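Data first, discussion second: the structure below is written as structure tokens.
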Amino acid sequence: MLAFVIRRLGFLVIVVIGVSMLTFAMSHLVPADPARLLLGKTATPAQITQIRRGLGLDQPVPVQYLIYMDHLLHGDFGQSISSRRPVLSDFLDYFPATVELTLYAMLMALVVGIPLGVLSAVWRGGWLDHFTRVTSLFGVSIPLFWLGLLFQLIFFGWLHILPSDSRLDGNVAAPHHITGMYTVDSLLTANWPALFSSLDHVLLPAATLAFATLATVIRVTRSSMIEALGKDYIRTARAKGVARWRVNVRHALRNALIPTITLVGLQFGNLLGGAFLVEIVFSWPGIGFYSVQAIRNFDYAAIMGITIIVAIAYTVINLVVDLLYAVLDPRITYA
Amino acid sequence: MLEPTPGSGGVVVTETPGTEELEFDEAGRRLRRVLLRPLTIVVLVAVLLLIVLAVLGPRLAPYDPITPDPLHEFLGPSWQHPMGTDDLGRDVLSRIMAGTRYSLLAVVIVLSLALTLGTLVGSIAGYAGGLVDEVLMRVTDIVLAFPGFILALALAAALGPSLVNGMLAIAAIWWPTYARLVRGQVLSVKENQYVEAARALGVSSRQVVRRHILPNSFAPVLVQLSLDMGAVLVTAASLSFIGLGAQLPTPEWGLMVSTDAPNILTAWWQSTFPGLAIFVTALIFNLGGDLLQEIFLRDARSAV
């Protein structure tokens, strides 16, 4: 186990180095001169030269990379040109909203997807199985940004039952900042108006984002459930006369859920990508919203900073999931 | 689509369930079974229609898809304009028809680039083995370490917003899938006797890869391609939606949804129909992918 952790940490280092090279290369692809962007249109050539020297842009490329790496290792992911703050501070401000959105989306996908997957495995070939298959087909084909607009149109525009943007109603104050996730913070501070308002607001974007992963949850649950149902111990349990639902739930489902749980971690990257689209549609102030603003403002420093932070976070999460997998399933040993 | 099933000879192949072994005789029989289904015919007709629209779209369109028409802004669906008109008075149906080519082009170009680069890297890694293999596979790991869409976004932003750069960015995140697939195929085919025989006869490595190994990787790659078509389509449309793909006034579907999104509550038809076009096209591709998978992969039925 320890050897496995060390090997994975080694891999983490390689990935981070590779990722940093990629983002470094990308920031060199950028057509605009960062010094010019930083100073605006009225800059004199002397000022530009000075800033370029300050940023290390007059150094050879390998040296620039080492400067870049040095900054990264000190937690300096660059400075946003539009907000004029470190990208990391901006990230920490916006990220909780994204985490909140992603968690609710994952929760919804699991609550809907696991029962659908299990039942379509138990009644394989039945009408529910077909229904599930069509649902996952729709799930993988639907563009999230369009689904979000449709939801807005239906639930806000036509039915008037749910709000279409932002995180709270205009007349409700944000809850005291603890985690940055409004639903959690308002619950912790017993701030009921903020809790209901924030739940109201997270519902549509989370339902939209849930479609980014629903099909995968269904598919994985279904196939691992089918596999589990084919095992000898299921036959034994049935032969012993254990009730049918009990065999399905206690014996099959418990083992079949392990791949689904792993999936939760692996799907995080997928959900994060989807969150970028959903956040724009619903004006949800998370990192996707922030990044797209950065893209529109040609704020390349912010884009590259966010990209590398996200990549590192994603790699760490995958590592944690792998370890959790080993804890959850004692049959797995990492030599 | 019918090409990859040479002959149909009545050889009986005993089923060994649980393997993804590909047998062309089996595939031929399954092809005939799948072809007879109504769904297959619907998919085939839809794909044909898409190709016709991609080639002739702007010419078949009843109205000019680009030039604004200030006298007909924001008209709801009617007999003259079945999908209404947009904020500049252009017929939405005409724009969708004219835009088919951008979506299909994105799919074709992205997948060709990804396949070419992936095949190159995968076959070199699989055939060479050792250190070369190790290095190349770590490179694919690094690309896959990013959440794909976000990497594509950053790349497209760095390259500068345009349709071509959007495609390049998507291809750049897509090739590792093919590299791994082809590498796996190369590794499994490499051990076959006929490959060893060819090598013993002094055939060069490049010839062995090209003549023997790659043709045998055909079916799984084809299935993967067909399964990826829908995803590439939606990803390309998503980049355009964000503003990192096609630029105005190109009637690209994702871009149409984006520019018309602010009017969703007052003129719902404007972004609903272009989005529907993306959805239906992706659905057709995904259905086609499922069918191909059923034809070529033995245990597709239990896997899907």
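Chain identifiers are assigned alphabetically (A, B, ...) following the order of the sequence lines, protein sequences preceding nucleic acid strands; residue numbering begins at 1 within each chain. Keep in mind that this is a model prediction, so the values were computed, not measured.
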Heavy-atom side-chain contact between F149(B) and L277(A) under 4.5 Å: yes
To the nearest 0.5 Å, atom CD1 of I142(B) lies from atom CD1 of I14(A) at 7.5 Å
Side chain, backbone, both or neither of L22(A) within contact of chain B (heavy atoms, under 4.5 Å): side chain
Which one, S238(B), A156(B), A152(B), leads in non-hydrogen pairs under 4.5 Å with chain A? S238(B)
Donor-acceptor check, side chain of W146(A) to backbone of V257(B), threshold 3.5 angstrom: yes or no? no
Mind checking whether V310(A) and P147(B) have side chains closer than 4.5 Å, heavy atoms only? yes
Proximity breakdown for L239(B) and chain A, heavy-atom pairs closer than 4.5 Å: neither
Quick check: closest heavy atoms across L153(B) and F276(A), and the distance to 0.1 Å? CD2-CD2, 3.2 Å
Can you tell me which portion of V281(A) sits under 4.5 Å from chain B's heavy atoms? Options are side chain, backbone, both or neither. side chain
Contact leader toward chain B among I312(A), L137(A), T315(A), where contacts are heavy-atom pairs under 4.5 Å: L137(A)
Within-4.5 Å side-chain heavy-atom neighbours: V140(A) and L283(B): no
Spacing of Q152(A) atom CD and L265(B) atom CG [to the nearest 0.5 Å]: 7.0 Å
Does CD in Q293(A) sit with more than 12 non-hydrogen atoms of other residues, nucleotides or ligands closer than 6.0 Å? yes
Donor-acceptor contacts, no H, no angles, side chain residues 282-292 of chain A, under 3.5 Å, sequence neighbours left out:
from: W284(A); atom 1: NE1; to: A97(A); atom 2: O; distance (Å): 2.8
from: Y290(A); atom 1: OH; to: D90(A); atom 2: OD2; distance (Å): 2.6
from: S291(A); atom 1: OG; to: I287(A); atom 2: O; distance (Å): 2.7

Contact class of M26(A) relative to chain B, heavy atoms under 4.5 angstrom: both
Counting only non-hydrogen atoms closer than 4.5 Å, does L153(A) touch chain B with its backbone (N, CA, C, O), its side chain (CB onward), both, or neither? both
Residue pairs fulfilling salt bridge (charged side-chain N to carboxylate O under 4.0 Å, His left out) with at least one residue in residues 166-179 of chain B, sequence neighbours excluded: none
Can you pull out the residues in residues 242-255 of chain B with any heavy atom less than 4.5 Å from chain A? I242(B), L244(B), G254(B)
Single hit among N286(B), T281(B), I278(B) for side-chain contact (heavy atoms from CB on, under 4.5 Å) with S141(A): N286(B)
Measuring heavy-atom distances to chain B, does I303(A) have an atom under 4.5 Å in its side chain, in its backbone, in both, or in neither? side chain
How are the rings of F241(B) and F145(A) set relative to one another: parallel (under 30°), tilted (30 to 60°) or perpendicular (over 60°)? parallel
If you count the non-hydrogen atoms of other residues, nucleotides and ligands that lie under 6.0 Å from CZ in F285(B), is the total more than 12? yes
Atom pairs and distances, side-chain donor-acceptor, residues 38-47 of chain B, under 3.5 Å, sequence neighbours left out:
from: T40(B); atom 1: OG1; to: V34(B); atom 2: O; distance (Å): 2.6

Between F279(B) and chain A, with a heavy-atom cut-off of 4.5 Å, which part of the residue counts as in contact: side chain, backbone, both or neither? both
Got more than 12 heavy atoms from elsewhere within 6.0 Å of CH2, W123(A)? no
Taking every heavy-atom pair that is under 4.5 Å apart, which of V280(B), T272(B), V234(B) has the most such pairs with chain A? T272(B)
Flag side-chain contact, heavy atom, 4.5 Å: R133(A) against D290(B): yes
Which portion of L150(A) sits near chain B, non-hydrogen atoms under 4.5 angstrom: side chain
